[in-house]
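Here's the structure we're looking at; comments come further down.
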Amino acid sequence: MIRLIASDIDGTILRNGAQALPPRMVPLLQRLIKKGVLFVAASGRQYANLQRLMGAAAPDVDYICENGAFVVHKGEIIYKAVMDRALGQELMADILSVPDCEVQLSGINTAYIKPKRPAFTEHLKYVLKNNITEVTDLFSTPEEYIKISAYVHGEKTEEYMEEFRKRWGSHFTLASTCAHWIDFIPPGIHKGYAMEALMETLAISKKETMAFGDNYNDLELLACAEESYAVSTAKPEVIAACRHTCEYVEDVLETLLLP
């Protein structure tokens with residue numbers, strides 16, 4: 001019996017840059033929760049953003065936020081990874097030295113930015129609908145560092161990803177979840193690590209777990225679930241790693257809810 005379902009968001013539930021859940025999703029989540037099945041939104045997105053995205057189902061959903069940097073169960077943080085502050089500041093200085101790159105410094109309830117270009121702020125506010133706090137000095141924010149992100153203006157995300165990996169891959173886990181974004185989180189931390197922390201807290205086994213994903217940063221999450229699904233548009237390596245494929249997450253959830 002499936003007791004826990006976790007799904008990536010961008011590229012898995014949200015397709016083609018969509019910023020709102022498909023119409024079927026919230027009613028399906030509410031029916032699952034009513035049956036006692038826990039749903040986890042597992043994403044590189046921030047907590048506040050995910051709560052808004054989940055709409056009416058938000059209070060009853062659990063969250064793996066910021067690519068596994070922290071986990072929220074029933075509104076409480078049950079796990080959080082924190083990066084070394086001095087190392088984080090070295091990374092931010094390196095990102096800022098690249099003319100095409102901006103920095104987003106993630107806290108629990110907001111992201112701190114000092115934008116180089118107005119387009120960056122507009123994208124965060126009006127497209128992603130993130131909670132953001134503009135500061136005059138990114139290096140003086142008081143909150144612990146849980147994730148640092150590089151936002152790449154233009155089409156050089158993959159190129160910069162490789163450059164940053166060479167310089168920082170031994171110090172951070174790097175993930176590129178969608179166009180323009182490169183995430184840096186503490187070493188060894190990923191969605192799967194966070195998922196294992198949640199499963200241990202809830203005493204839920206791999207056999208009782210289902211997961212959905214599409215990209216490389218979902219592989220560890222998918223490995224936590226006996227019933228692993230790659231959407232049909234997933235990376236070939238993700239499809240190969242999963243037990244099943246599906247067109248849409250909603251189709252599988254509807255089947256699971258059949259009498």
Side-chain angles (χ1 to χ4, degrees), residues 8-12 17 42-46 64-70 80-107 111-117 119-120 123-124 128 130 135 137-141 143-196 213-223 230 233-241:
D8 170 55
I9 301 300
D10 292 282
T12 301
S43 175
R45 290 178 179 241
Q46 68 173 197
I64 293 173
C65 310
E66 308 283 10
N67 266 321
F70 69 100
K80 181 174 73 169
V82 177
M83 68 175 63
D84 179 81
R85 190 178 188 88
L87 193 61
Q89 293 193 348
E90 288 182 37
L91 171 62
M92 289 196 295
D94 188 34
I95 295 170
L96 290 170
S97 73
V98 181
D100 293 339
C101 289
E102 309 262 12
V103 166
Q104 177 179 266
L105 173 60
S106 295
Y112 303 95
I113 63 169
K114 185 182 179 183
K116 295 178 180 178
R117 305 184 195 178
F120 178 50
H123 181 72
L124 292 174
L128 295 183
N130 276 358
V135 297
D137 183 4
L138 276 170
F139 299 89
S140 297
T141 57
E143 195 169 352
E144 292 177 317
Y145 295 0
I146 58 171
K147 188 182 80 173
I148 293 169
S149 302
Y151 178 83
V152 181
H153 292 285
E155 306 300 324
K156 293 186 177 181
T157 306
E158 291 186 10
E159 177 183 330
Y160 288 147
M161 178 76 164
E162 291 310 307
E163 291 180 11
F164 285 128
R165 193 187 301 280
K166 289 174 186 176
R167 296 199 290 274
W168 295 102
S170 61
H171 299 290
F172 297 97
T173 298
L174 278 70
S176 183
T177 55
C178 54
H180 305 292
W181 288 100
I182 304 170
D183 287 349
F184 302 79
I185 52 181
I189 304 303
H190 43 64
K191 291 181 185 179
Y193 192 95
M195 184 70 167
E196 288 173 354
D214 78 306
N215 213 334
Y216 302 118
N217 68 313
D218 299 320
L219 286 169
E220 293 89 355
L221 174 75
L222 293 162
T233 52
K235 301 289 187 184
E237 295 89 339
V238 178
I239 291 174

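Here, residue 1 is the first one in the sequence, and each next residue gets the next number. Computed from a predicted model, the values in this text were never measured in an experiment.
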Side-chain touch [X]/[Y], heavy atoms, less than 4.5 angstrom:
X: His123; Y: Leu128; value: yes
X: Ser97; Y: Asp94; value: yes
X: Asn217; Y: His190; value: no

Measuring from atom [atom1] of [X] to atom [atom2] of [Y], what distance do you get when rounded to the nearest 0.5 angstrom?
X: Arg45; Y: Asn130; atom1: CZ; atom2: CG; result: 7.5 Å
X: Trp168; Y: Ile148; atom1: CH2; atom2: CD1; result: 9.0 Å
X: Asp8; Y: Asn215; atom1: CG; atom2: CG; result: 7.5 Å
X: Asp84; Y: Leu91; atom1: CG; atom2: CG; result: 11.5 Å
X: Ile113; Y: Leu124; atom1: CD1; atom2: CG; result: 5.5 Å
X: Gln104; Y: Ile95; atom1: CD; atom2: CD1; result: 11.0 Å

Is it true that atom OH of Tyr193 has more than 12 heavy atoms of other residues, nucleotides or ligands lying nearer than 6.0 Å?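 No, because the 6.0 Å sphere around OH of Tyr193 holds 12 heavy atoms or fewer from other groups.
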Neighbour count above 12 (heavy atom, 6.0 Å) for Lys235 NZ: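 No, the 6.0 Å shell around NZ holds no more than 12 heavy atoms from other groups.
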Assign the ring pair Trp181 / Phe120 to parallel, tilted or perpendicular, where the plane angle (0 to 90°) is split at 30° and 60°.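 Ring orientation, 0 to 90° scale: tilted.
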Can you name the nearest heavy-atom pair linking [X] to [Y], along with the distance?
X: Ala241; Y: Leu219; value: CB-CD2, 3.8 Å
X: Ile189; Y: Ala81; value: CG1-CB, 3.8 Å
X: Ile9; Y: Ser43; value: CG1-CB, 3.8 Å
X: Tyr145; Y: Thr141; value: CE1-OG1, 3.9 Å
X: Leu221; Y: Ala42; value: CD2-CB, 3.9 Å

Do side-chain atoms of Lys147 reach the backbone of Gln46 as a donor and acceptor pair under 3.5 angstrom?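 Such a contact is absent between Lys147 side chain and Gln46 backbone.
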Donor-acceptor under 3.5 Å (Lys191 side chain, Glu220 main chain):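 No: the side chain of Lys191 does not pair with the backbone of Glu220.
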How far apart are the C-alpha atoms of Glu66 and Asp183, what are their side-chain angles, what is the distance that settles it, and do they pass the side chain to side chain contact (heavy atoms under 4.5 Å, CB included) test? CA-CA 8 Å; Glu66 308 283 10; Asp183 287 349; 5.7 Å; no
Side chains of residues 152-163: which donor-acceptor pairs under 3.5 Å do they make with residues two or more places apart or in other chains?
{"residue": "His153", "atom": "NE2", "partner": "Glu102", "partner atom": "OE2", "Å": "2.9"}
{"residue": "Thr157", "atom": "OG1", "partner": "His180", "partner atom": "N", "Å": "3.1"}
{"residue": "Tyr160", "atom": "OH", "partner": "Asp100", "partner atom": "OD2", "Å": "3.2"}

Tell me which one of Arg85, Met83, Lys80 satisfies side-chain contact (heavy atoms from CB on, under 4.5 Å) with Glu144.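 Of the listed residues Arg85, Met83, Lys80, the side-chain contact (heavy atoms from CB on, under 4.5 Å) partner of Glu144 is Lys80.
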Ser176 and Phe164: side chain to side chain contact (heavy atoms under 4.5 Å, CB included), yes or no, with the steps? CA-CA 11 Å; Ser176 183; Phe164 285 128; over 6 Å; no
Evaluate the criterion side chain to side chain contact (heavy atoms under 4.5 Å, CB included) for residue pair Ile185 and Ile146; output intermediate values, then yes/no. CA-CA 7 Å; Ile185 52 181; Ile146 58 171; over 6 Å; no
Just jot down the side chain to side chain donor-acceptor pair (under 3.5 Å) partners of Glu143, sequence neighbours excluded, or say none.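 Once residues adjacent in sequence are excluded, the partners of Glu143 under the side chain to side chain donor-acceptor pair (under 3.5 Å) criterion are Tyr112.
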